[in-house]
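Worksheet: the structure to be examined is printed underneath.
Atoms considered below: every heavy atom in the structure, side chains included; atoms not considered: hydrogens, waters and symmetry mates. We're numbering straight along the sequence, starting at 1. These numbers were taken from a predicted model, which means no experiment stands behind them.
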Amino acid sequence: MKFLLMLIGAVALPVFAADGGADLNPADTVGVSFWLVTAGMLAATVFFLVERDRVHGKWKTSLSVAALVTGIAFWHYLYMRGVWSVSWNESMQGLVEGGMTEAEAMAAAEGSSPTTYRYIDWLITVPLQIIEFYLILKVCTNVASSMFWKLLVASLVMLVGGYMGEMGMANAMVCGVVALLAWIYIIYEVFAGEAGKLNASSGNAAAQSAFGTIRLIVTVGWAIYPIGYFLGIGENPDMGNSNLIYNLADFVNKIAFGLAIYVAAVSDSE
Ligand SMILES: *C/C=C(C)/C=C/C=C(C)/C=C/C1=C(C)CCCC1(C)C
């Protein structure tokens with residue numbers, strides 16, 4: 001465990017030292033939000049790894065997966081912040097050269113979305129969260145693996161749809177609607193489908209409460225993502241607010257998601 005923490009520190013510190021945030025302008029609000037979420041993801045990762053020692057054996061893998069989700073996101077956020085704030089600085093520089101005052105340019109500057117890094121992160125972390133659902137059900141019932149595959153396929157349709165729409169590979173509105181339908185199917189599965197029924201019939205109160213929170217996250221927490229998506233497409237895309245909302249959504253859905261599992265695991269281990 002100590003070794004793992006040292007490893008994380010050893011990797012993270014040079015990255016910070018080299019990057020150092022020197023290219024992050026404090027006036028770049030969206031850039032600052034990337035930076036704060038980066039810090040939150042690292043803190044959550046360390047927390048889940050350390051607290052793993054406190055919980056009963058059957059919950060340990062769930063906490064490891066929660067730490068993987070935030071750890072992978074931490075890594076991607078380092079890059080995403082760079083893409084955004086470097087392009088933001090260029091945009092601001094261009095506006096100043098075009099005749100604006102520095103203050104005007106700061107207010108008007110726009111960055112570019114780190115769309116590919118973001119979707120690569122989601123493509124890894126969303127399936128990990130689906131594995132997490134499955135692990136929680138497994139703590140108390142004999143859940144069929146078909147449930148896992150249904151949720152996995154639906155989440156892939158959702159993410160591929162979103163990516164194609166944002167990259168302009170197909171009509172963004174059509175792609176957004178396809179992704180929305182896939183998400184609604186996931187909600188249906190966890191409430192009314194096999195996963196929902198299995199959980200209701202399980203005897204483990206802690207797992208039931210964790211599953212209830214996770215359902216809330218998939219319904220309410222995940223609903224933040226389409227807002228970011230639809231802000232970022234169309235005639236007048238608002239990339240700043242789109243990224244701000246995606247960053248908030250990741251903070252809620254990766255960190256709160258892990259905490260819900262942690263709370264259940266601790267209460268079931270005492
Ligand atoms: C850690 C990352 C997570 C939990 C990412 C979740 C992403 C979504 C739930 C994205 C959903 C989308 C829609 C429901 C419609 C528009 C396109 C997406 C992909 C943004």
>> Within the structure provided, determine whether S112 and V86 are in side-chain contact (heavy-atom separation under 4.5 Å).
In response: no
> Could you give the distance from CD1 (I130) to CE (M147), rounded to the nearest 0.5 Å?
Replying inline: 8.5 Å
> Which atom pair, heavy atoms only, marks the closest approach of A154 to Y185?
Replying inline: CB-CD2, 3.5 Å
> What's the verdict on side chain to side chain contact (heavy atoms under 4.5 Å, CB included) for V126 and W222, showing C-alpha distance, side-chain angles and the deciding distance?
Replying inline: CA-CA 11 Å; V126 171; W222 283 21; 4.0 Å; yes
> Going through the distances and angles, do T45 and F48 end up as a side chain to side chain contact (heavy atoms under 4.5 Å, CB included)?
Replying inline: CA-CA 5 Å; T45 306; F48 294 139; 5.9 Å; no
>> Using only atom types and a distance under 3.5 Å, with no angle test, would you say the side chain of S242 pairs donor to acceptor with the backbone of M239?
In response: no
> Which residues satisfy the side chain to side chain donor-acceptor pair (under 3.5 Å) test with W122, sequence neighbours excluded?
Replying inline: D250
> To the nearest 0.5 Å, what is the distance between OG1 (T116) and CZ (R118)?
Replying inline: 11.5 Å
> Taking S269 for the side chain and H56 for the main chain, is one N or O donor matched with an acceptor at less than 3.5 Å?
Replying inline: yes
> How far does CG of L231 sit from CG of N236, to the nearest 0.5 angstrom?
Replying inline: 11.5 Å
> Under 3.5 Å, is there a donor-acceptor pair between the side chain of S85 and the main chain of L24?
Replying inline: no
> In the single-linkage hydrophobic clustering (I, L, V, M, F, W, Y; side-chain heavy atoms under 4.5 Å), do I245 and V220 co-cluster?
Replying inline: no
> Are L181 and V178 linked, directly or through other ILVMFWY residues, by side chains that come within less than 4.5 angstrom of each other?
Replying inline: no
>> Are T125 and H76 packed together at the side-chain level, in the sense that at least one heavy-atom pair is separated by less than 4.5 angstrom?
In response: no
>> Return the CG to OH distance between L156 and Y163, rounded to the nearest 0.5 Å.
In response: 15.0 Å
> Is I217 linked to Y188 within one hydrophobic cluster, defined over Ile, Leu, Val, Met, Phe, Trp and Tyr using a side-chain heavy-atom separation of less than 4.5 Å?
Replying inline: no
> Backbone N or O of T101 within a donor-acceptor pair of the E104 side chain at under 3.5 Å?
Replying inline: yes
> Quick check: does any side chain N or O of S87 sit under 3.5 Å from a backbone N or O of G111, one acting as donor and the other as acceptor?
Replying inline: no
> Judged by atom type as modelled, is there a donor-acceptor pair below 3.5 Å linking the side chain of W183 to the main-chain atoms of V218?
Replying inline: yes
> Would a 4.5 Å heavy-atom cut-off, applied to side chains only, mark M92 and E110 as touching?
Replying inline: no
> Can you find a pair of side-chain heavy atoms, one from M173 and one from F230, that are under 4.5 Å apart?
Replying inline: yes
>> Quick check: closest heavy atoms across G240 and V30, and the distance to 0.1 Å?
In response: O-CG2, 3.5 Å
> Under the side-chain hydrogen bond (donor to acceptor under 3.5 Å, both in side chains) criterion, do R81 and N247 qualify, and how do the steps go?
Replying inline: CA-CA 10 Å; R81 212 265 314 143; N247 292 353; over 6 Å; no
> Under the 6.0 Å and 45° cation-pi test, does R215 pair with F191?
Replying inline: yes
> Applying the ring-ring contact (aromatic ring centres under 6.0 Å, His included) test to Y117, which of W75, Y79, F34 qualifies?
Replying inline: Y79
> Looking at side-chain heavy atoms only, is the closest gap between L151 and F148 below 4.5 Å?
Replying inline: no
> Do Y262 and V266 have side-chain heavy atoms sitting under 4.5 Å apart?
Replying inline: yes
>> Counting C-beta onward and ignoring hydrogens, is there a side-chain heavy-atom pair between L259 and F47 closer than 4.5 Å?
In response: yes
> Between the main-chain N or O of V55 and the side-chain N or O of K60, is there a donor-acceptor pair closer than 3.5 Å?
Replying inline: yes
>> Could you go through V69 and F257, starting from their C-alpha distance and side-chain angles, then the distance that decides it, and tell me whether this counts as side chain to side chain contact (heavy atoms under 4.5 Å, CB included)?
In response: CA-CA 10 Å; V69 167; F257 183 91; 5.8 Å; no
> Step by step, would you call M106 with M100 a side chain to side chain contact (heavy atoms under 4.5 Å, CB included)?
Replying inline: CA-CA 9 Å; M106 275 182 185; M100 276 192 187; over 6 Å; no
> So which heavy atom on V157 is nearest to which on A182, and how close?
Replying inline: CG1-CB, 3.9 Å
> Do Y229 and Y246 have ring centres separated by under 6.0 Å?
Replying inline: no
> Do V83 and W88 belong to the same hydrophobic cluster, where Ile, Leu, Val, Met, Phe, Trp and Tyr are linked whenever their side-chain heavy atoms lie under 4.5 Å apart, directly or via other members?
Replying inline: yes
> When rounded to the nearest 0.5 angstrom, what is the spacing between CD1 in I255 and CE in M41?
Replying inline: 4.5 Å
> So, do K254 and D121 sit near enough that their side-chain heavy atoms are less than 4.5 Å apart?
Replying inline: yes
>> Donor-acceptor pair, distance only, cut-off 3.5 Å: does the side chain of N253 make one with the backbone of G221?
In response: yes
>> Just verifying a value: how many Å separate I261 CD1 and I136 CD1, rounded to the nearest 0.5 Å?
In response: 4.0 Å
